[in-house]
Amino acid sequence: MTGHGEHVMNGATIWLTGLPSAGKTTIAHALAGRLRGEGHRVEVLDGDEIREFLSAELGFSRADRDTNVQRIGFVAQLLAAHGVKVLVPVIAPYADSREAVRKRHQEQGTGYVEVHVATPVDVCSVRDVKGLYAKQAAGEIAGLTGVDDPYEEPADPDLRIRAHEQSVDESAAALHALLSERGLA
Ligand SMILES: Nc1ncnc2c1ncn2[C@@H]1O[C@H](COP(=O)(O)OP(=O)(O)O)[C@@H](O)[C@H]1O
Ligand SMILES: [Mg+2]
């Protein structure tokens, strides 16, 4: 098998953590397109879809957010162990919870990359893709991550993307370069 083929077979989870509207989903899909073009098997486990099917009964308390993240981490690791590049654009606000997912991957010998999509809250709240920041400001919802609910920034992510200062393509390229460095793309 060629070196390229081995990389294609090598599964990994790439978790994109960050505030709502930071660009996690957008960057994940840009990367997914690149990876698919190279022959990788790719799955995107997006927070909203996952909640609908895997975590419909869960809310947004700390305990429920943690449970949601552990479930997604469990599924991601299973897929990654079978050679899939699993892209996970999910907020995952708590450091302990993210560390538990990393540990599960390490214990199973599965590749894991943590990416902090580090768009500042003032930029996110202007983008406001789902109108959540406006709803929070209007008092229609509470517990919005980064506003009136915690977001624990990763202290030492594998990559920090300043998504407000570079294009989606540049972010996807930076992430792809990291995967290449690690023998994952
Ligand atoms: N440089 C950039 N990187 C990522 N997203 C950007 C950028 N500039 C503008 N955007 C826009 O910001 C929004 C981010 O939304 P989304 O990816 O759904 O965020 P998240 O999944 O983090 O909630 C999208 O509408 C995207 O087009
Ligand atoms: Mg998203």
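Please read all numbers here as calculations on a predicted model, not as lab measurements.
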As a quick check of understanding, evaluate side chain to side chain contact (heavy atoms under 4.5 Å, CB included) for I27 and V117, giving each step before the final call.
CA-CA 9 Å; I27 293 166; V117 182; 4.0 Å; yes
Inspect the contact between E114 and K103 and indicate whether a charged nitrogen and a carboxylate oxygen are less than 4.0 angstrom apart.
no
Kindly determine whether S21 and D128 satisfy side chain to side chain donor-acceptor pair (under 3.5 Å), including the steps that lead there.
CA-CA 6 Å; S21 291; D128 204 9; 4.7 Å; no
Flag side-chain contact, heavy atom, 4.5 Å: R127 against T119:
yes
Could you tell me if R51 sits above the aromatic ring of F60, with its cationic atom closer than 6.0 Å to the ring centre and no more than 45 degrees from the axis?
yes
With a 4.5 Å cut-off on side-chain heavy-atom distances among I, L, V, M, F, W and Y, is there a chain of contacts connecting V69 to L79?
yes
Checking Q70 against S97 for the side chain to side chain donor-acceptor pair (under 3.5 Å) test, could you report, in this order, the C-alpha distance in whole Å, the side-chain angles of both residues, the deciding distance, and whether it holds?
CA-CA 7 Å; Q70 295 317 307; S97 198; 3.1 Å; yes
Decide, yes or no, whether a salt bridge links R62 with D149 under the criterion of side-chain N to carboxylate O below 4.0 Å.
no
Checking L184, L159, L87, L178 against I14 for side-chain contact (heavy atoms from CB on, under 4.5 Å), the one that qualifies is L87
Are the side chains of W15 and V115 in contact, using a 4.5 Å heavy-atom criterion?
no
Of all heavy-atom pairs between I161 and Q166, which one has the smallest distance, and what is that distance?
CG2-NE2, 3.6 Å
Gap separating the CD atom of E43 from the CG atom of L35, nearest 0.5 angstrom:
12.5 Å
Minimal heavy-atom distance between H105 and G111, with the atoms involved, is CD2-O, 3.7 Å
Is any side-chain heavy atom of V44 closer than 4.5 Å to one of H29?
yes
Min side-chain heavy-atom separation I91-K24 under 4.5 Å
yes
Nearest-0.5 Å distance that lies between atom CG in L132 and atom SG in C124:
11.0 Å
Can you check side chain to side chain contact (heavy atoms under 4.5 Å, CB included) on E107 and Q77, steps first, answer last?
CA-CA 10 Å; E107 283 168 358; Q77 192 276 325; over 6 Å; no
Would a hydrophobic clustering, with Ile, Leu, Val, Met, Phe, Trp and Tyr connected at side-chain separations under 4.5 Å, put V84 with I72?
yes
Within 45° of the six-membered ring axis of Y94 and under 6.0 Å from that ring's centre, is NZ or CZ of R65 located there?
no
Sub-4.5 Å side-chain heavy-atom contact between T13 and V88
yes
Taking a hydrophobic cluster as the set of Ile, Leu, Val, Met, Phe, Trp and Tyr residues connected by side-chain heavy atoms closer than 4.5 Å, whether directly or through intermediates, do L175 and Y112 fall within one such cluster?
no
Any heavy-atom pair between the side chains of P93 and E152 that's under 4.5 Å?
no
So, for A163 and A22, which heavy atoms are closest and what is the spacing to 0.1 Å?
CB-O, 3.8 Å
Would a distance-only check, ignoring hydrogens and angles, find a side-chain to backbone donor-acceptor pair under 3.5 Å from S167 to E170?
yes
Please tell me whether L16 and I50 are part of a single hydrophobic cluster in this structure, the criterion being side-chain heavy atoms less than 4.5 Å apart.
no
For the student: nearest non-hydrogen atoms of E38 and A185, plus distance
OE1-CB, 4.4 Å
Sidechain-backbone polar pair: N68 side chain, D64 backbone, donor-acceptor under 3.5 Å:
no
Checking H176 against R34: is there a side-chain donor and acceptor pair closer than 3.5 Å?
no
Do the non-hydrogen side-chain atoms of V86 and V75 ever get within less than 4.5 Å of each other?
no
Would you kindly confirm whether L19 and V90 end up in one hydrophobic cluster when ILVMFWY residues are joined by side chain heavy atoms under 4.5 Å apart?
no
Quick one: closest heavy-atom pair of A142 and D148, and the distance?
CA-OD2, 3.5 Å
Among D156, D96, D158, which residue meets the salt bridge (Lys or Arg N to Asp or Glu O under 4.0 Å) test with R102?
D158
When every non-hydrogen atom of R41 is compared with those of H82, the smallest separation belongs to NH2-O, 3.5 Å
Sidechain-backbone polar pair: R104 side chain, F74 backbone, donor-acceptor under 3.5 Å
no
Do P154 and T17 come within less than 4.5 Å of each other through their side chains, counting heavy atoms only?
yes
Tell me, with the steps shown, if V121 and Y133 meet side chain to side chain contact (heavy atoms under 4.5 Å, CB included).
CA-CA 10 Å; V121 68; Y133 292 91; 3.9 Å; yes
If you round to the nearest 0.5 Å, how far is CG of N10 from CG of L179?
10.5 Å
